[in-house]
Amino acid sequence: MVQIKMESNLLGANEMLARQNRSLFEQKGVLVINLMSSPGSGKTTILERTIDVLDGQLKLGVIEGDLYTDQDAQRIDKKGVQVFQINTEGACHLDAGMIGTAYKRLTTGNEDIIFIENVGNLVCPAEFDLGEELRVVVMSTTEGNDKPLKYPLIFHQAQAILLNKIDLLPYTDFSLDRFSDDLARLNPSALLFKVSGRTGEGIKTWTEWLLGVVDKKKIGLNN
Ligand code: MG
Ligand code: ZN
């Protein structure tokens, strides 16, 4: 595992670097997924579960973004997956420059999927294009119903939402109906996966979808 400290770029420079990343990822045929959420929503646990299912079927890589520590990267490292840690030294989001550098250091050139675990924050990660193909928001039932309407941008831009800690639903006031209604208004085309990182519930449906996306990409590349 490699761990480096990086400084954040400004938004304008970011757009140019994001375009460079996107064309590099396209050229390599790698599906890059930007996982965003608030702290404690379960991104790393979901990644561990996802790796358990997909490892052996697909070649995976993970870029971990964190303020100061490498705790999450260590967890991914234990799974035997190529992982690269970015420490933002206090910056509350990842940017395209960091991802370009991390990708070049991480890649063996033949990954099918690279997951980026963004810094836990529902605000500015949404504003920084990393050159990713898919944006996925993880939200847990314990965070309450108000999150989509309070942080509309991040939910509006996502291709998929993972509603985590679905096993805890009976112990919360979380309303699935209200959540679905809010999401339908903000982003009608977003896919919703109800999952539990703890029990593994729903993970198969999510990984089947990922396999489908990778397959489609490969067919596209061969045509
Ligand atoms: Mg984490
Ligand atoms: Zn930020």
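In each ligand, atom 1 is the first atom listed, and ligand 1 is the first ligand listed. All of these numbers come straight from a predicted model, not from anything done at the bench.
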Inset, instruction - Sort by chain and number the protein N/O/S atoms that are closer than 2.8 Å to the Zn ion (ligand 2), and list them. - result: C92 SG, H93 ND1, C124 SG
Inset, instruction - In plain terms, say whether E48 and R75 are close enough for a salt bridge, that is, a side-chain N and a carboxylate O under 4.0 Å apart. - result: yes
Inset, instruction - Give a yes or no on whether K147 atom NZ has more than 12 heavy-atom contacts from other residues, nucleotides or ligands under 6.0 Å away. - result: yes
Inset, instruction - Sorted by first residue and then second, give each ring pair (Phe, Tyr, Trp, His ring centres under 6.0 Å) pair with at least one member in residues 31-53; sequence neighbours left out. - result: none
Inset, instruction - Identify which protein N/O/S atoms are less than 2.8 Å from the Mg ion (ligand 1). - result: T44 OG1, D72 OD2, E117 OE2
Inset, instruction - Look at the aromatic rings of F128 and H93 and report parallel, tilted or perpendicular, splitting at 30° and 60°. - result: parallel
Legend entry - Closest approach of I51 to V62 (non-hydrogen atoms, all atoms of both residues): CD1-CG2, 4.2 Å
Inset, instruction - Output yes when D72 and K43 qualify as a salt bridge under the 4.0 Å nitrogen-oxygen rule, no when they do not. - result: no
Inset, instruction - Provide the closest heavy-atom pair for G197 versus R49 in the form atom of the first, atom of the second, distance. - result: O-NE, 2.8 Å
Inset, instruction - Could you tell me which residues satisfy salt bridge (charged side-chain N to carboxylate O under 4.0 Å, His left out) with K217, sequence neighbours excluded, listed by chain and number? - result: E133
Inset, instruction - For the residue pair F179 and F155, categorise the inter-ring angle as parallel (less than 30°), tilted (30 to 60°) or perpendicular (more than 60°). - result: perpendicular
